[in-house]
Amino acid sequence: MIFCSPQLLLSNLDKTIKPKMDFLRDVGFSTPNLTFLLSKNSYILRYSLSNQIVPAFGFLKGILGTDEAVITTIKRAQWLLSKDLHNIMGSKIGLLQDHGVPNSRISALIKWQPRCFLQVHLDRFTEALTKVKAMGFEPSSSYFNVALVSITSISESNWEEKFELYGSFGWSEDDILSAFKKQPQIMALSKDKMRKMMDFFSKEPGLGLSVVSHYPNLLLLSLEKTIIPRWSVICVLMSHGILNKDVNFYTICCSKEKIFLEKYVIKYQKVTQVLEAYQGKTVIGG
């Protein structure tokens with residue numbers, strides 16, 4: 001902390017630092033939370049308590065409702081108390097309200113992704129908001145927030161590149177937009193992961209990209225830790241006639257690890273190659 005803000009050594013402990021520490025403790029910052037905050041943003045102790053820290057905290061509380069919610073949000077974006085939140089966030093909050101986004105959703109968005117309000121320029125925020133509405137996302141839907149964050153997190157050129165990447169696997173514009181509406185985070189993935197996932201599903205017999213278009217949440221899972229081990233086990237069980245080809249792979253992938261192990265691995269561990277498949281020692285396809 002001193003390394004980042006050596007000027008603190010010249011500050012008056014009782015008049016400058018202690019009142020700020022007392023305020024933060026009074027609103028509910030525990031010692032670990034306070035330590036974390038100051039380690040990430042020691043500059044906060046250089047700001048005015050009455051002119052900056054208290055108004056910023058009060059602004060957030062007026063939106064989020066409780067001290068606890070404010071503290072949780074500050075832990076995600078430690079610079080919040082150092083910003084002119086009324087000017088930086090106020091206009092964006094007003095835009096959301098004008099577009100019919102309920103206050104509960106606005107509050108949820110601030111708690112989940114405060115950086116969306118801090119780091120995204122107002123013009124970019126406005127464009128993204130208009131785009132999300134044009135795509136048909138309902139302002140009262142939680143996916144409205146996810147879509148907004150996904151769009152604001154990437155540049156327009158990056159958006160086009162990712163759009164083209166999905167299209168290179170045969171998806172039409174409607175296919176891509178339909179998948180995005182079902183799971184907006186697919187556009188926030190790295191292009192490397194997008195390519196690996198789409199390549200796997202397009203080449204693996206028994207799956208195909210139609211599975212992904214119906215269940216785009218699959219793209220958010222780990223290929224190495226979830227998709228491949230589970231599909232390998234399913235392929236082995238299908239090859240032995242234990243499972244049929246109508247099995248819902250999406251449901252299987254979304255089940256908890258313990259449930260999957262009990263239902264498909266432990267239950268059939270005596271079946272040849274099941275354990276090897278789950279451990280990645282058997283070629284996919286059984």
Side-chain angles (χ1 to χ4, degrees), residues 27-29 33 37 52-156 158-159 162-163 173-174 176-189 213-220 250 254:
V27 296
F29 274 91
N33 286 339
L37 171 64
Q52 176 59 46
I53 299 175
V54 173
F57 193 95
F59 179 88
L60 290 172
K61 186 174 180 179
I63 299 169
L64 304 181
T66 66
D67 291 340
E68 292 76 13
V70 175
I71 292 170
T72 299
T73 305
I74 291 173
K75 286 174 64 178
R76 295 187 176 215
Q78 297 80 36
W79 292 94
L80 277 168
L81 293 181
S82 305
K83 302 295 183 180
D84 182 357
L85 300 184
H86 180 76
N87 288 325
I88 295 175
M89 300 179 70
S91 54
K92 294 171 184 175
I93 292 171
L95 278 172
L96 291 170
Q97 292 171 333
D98 291 343
H99 280 77
V101 181
N103 288 334
S104 59
R105 289 298 178 199
I106 296 174
S107 175
L109 179 57
I110 293 173
K111 285 188 284 188
W112 174 48
Q113 286 287 353
R115 287 179 175 81
C116 183
F117 290 85
L118 293 178
Q119 298 176 347
V120 179
H121 192 274
L122 181 59
D123 289 343
R124 175 63 176 152
F125 191 88
T126 303
E127 291 173 3
L129 187 55
T130 302
K131 194 170 187 176
V132 171
K133 284 290 293 290
M135 288 180 179
F137 285 93
E138 289 295 327
S140 59
S141 167
S142 60
Y143 270 2
F144 188 94
N145 285 351
V146 180
L148 182 62
V149 170
S150 293
I151 292 176
T152 56
S153 66
I154 59 178
S155 65
E156 189 66 31
N158 200 8
W159 172 276
K162 291 182 176 182
F163 213 92
E173 181 176 344
D174 287 341
I176 300 170
L177 290 177
S178 175
F180 179 74
K181 287 186 69 174
K182 292 176 182 176
Q183 178 44 266
Q185 285 182 297
I186 66 169
M187 294 299 282
L189 298 173
S213 65
H214 281 96
Y215 307 109
N217 280 331
L218 287 169
L219 295 175
L220 307 186
Y250 173 70
C254 290

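Hydrogens, waters and symmetry mates play no part in the numbers below; they use all other heavy atoms, side chains included. Sequential numbering from 1 along the given sequence is applied to the chain's residues.
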Surrounding NZ of Lys75 (heavy atoms of other residues, nucleotides or ligands, distance under 6.0 Å), is the total greater than 12? no
Taking His99 for its side chain and Val101 for its backbone only, find out whether a donor-acceptor pair lies under 3.5 Å. no
Can you tell if the side chain of Gln183 reaches within under 4.5 Å of the side chain of Leu218, non-hydrogen atoms only? no
On a heavy-atom basis, the closest approach of Ser153 and Ala188 is OG-CB, 4.4 Å
Separation of Leu220 CG from Leu189 CG (nearest 0.5 Å): 5.5 Å
Kindly give the heavy-atom pair with the smallest separation between Pro216 and Ser213, and that separation in Å. CD-O, 3.8 Å
Scanning both residues in full, the closest heavy-atom pair of Gln52 with Leu81 reads NE2-O, 2.9 Å
Are Leu129 and Thr152 close enough, and set up right, to give a side chain to side chain contact (heavy atoms under 4.5 Å, CB included), and what steps lead you there? CA-CA 9 Å; Leu129 187 55; Thr152 56; over 6 Å; no
Gln78 to Arg115 - nearest heavy-atom pair and separation: OE1-NH2, 4.2 Å
Just checking His214: does its NE2 atom have more than 12 heavy atoms from other residues, nucleotides or ligands closer to it than 6.0 angstrom? no
If we only count heavy atoms from C-beta on, is the Cys254 to Tyr215 side-chain gap below 4.5 Å? no
Check: Phe137 ring centre within less than 6.0 Å of Phe144 ring centre: no
Start with the C-alpha distance between Phe29 and Asp67, add both sets of side-chain angles, then the distance that settles side chain to side chain contact (heavy atoms under 4.5 Å, CB included), and finish with yes or no. CA-CA 9 Å; Phe29 274 91; Asp67 291 340; over 6 Å; no
So do the side chains of Asn217 and Lys182 get within less than 4.5 Å of each other, counting heavy atoms only? no
Can you check whether Leu177 reaches Phe163 side chain to side chain, under 4.5 Å on heavy atoms? yes
Could you tell me whether the side chain of Lys111 and the main chain of Val70 form a donor-acceptor pair under 3.5 Å? no
Evaluate the side-chain proximity of Arg105 to Pro139: yes if any heavy-atom separation is below 4.5 Å, no if none is. no
Using modelled atom types and a 3.5 Å cut-off, is there a donor and acceptor pairing between side-chain atoms of Ser150 and backbone atoms of Pro184? yes
Closest contact, heavy atoms only, Ile63 versus Ile110: CG2-CD1, 3.7 Å
Run Ile151 and Arg124 through side chain to side chain contact (heavy atoms under 4.5 Å, CB included) and show every step you take. CA-CA 9 Å; Ile151 292 176; Arg124 175 63 176 152; 3.9 Å; yes
Measuring from Ile74:CD1 to Leu60:CG, what's the distance to the nearest 0.5 Å? 6.0 Å
Determine whether a donor-acceptor pair (N or O, by modelled atom type, separation under 3.5 Å) exists between the side chain of Asn33 and the backbone of Ile71. no
Hey, is the main chain of Asn103 close enough, under 3.5 Å, to the side chain of Ser107 for a donor-acceptor pair? no
Over all atoms of both residues, closest heavy-atom pair of Gln97 and Ile106: CG-CD1, 3.5 Å
Interatomic distance, Met89 atom CE to Cys116 atom SG [nearest 0.5 angstrom]: 9.5 Å
Mark yes or no for whether Lys162, through its side chain, and Met187, through its backbone, hold a donor-acceptor pair below 3.5 Å. yes
Taking Trp112's backbone N and O only, do any of them form a donor-acceptor pair with Arg76's side chain (distance below 3.5 Å, no angle check)? yes
Keeping the roles fixed (side chain from Tyr143, backbone from Lys181), state whether a donor-acceptor pair exists under 3.5 Å. no
Under-4.0 Å salt bridge between Glu156 and Lys131: yes
Under the criterion side chain to side chain contact (heavy atoms under 4.5 Å, CB included), I'd like the reasoning laid out for Thr66 against Lys61: C-alpha separation, chi angles, the key distance, then a yes or no. CA-CA 6 Å; Thr66 66; Lys61 186 174 180 179; 5.8 Å; no
Identified side-chain contact (heavy atoms from CB on, under 4.5 Å) counterpart of Phe117 within the set Leu80, Ile88, Leu109, Leu85: Leu109
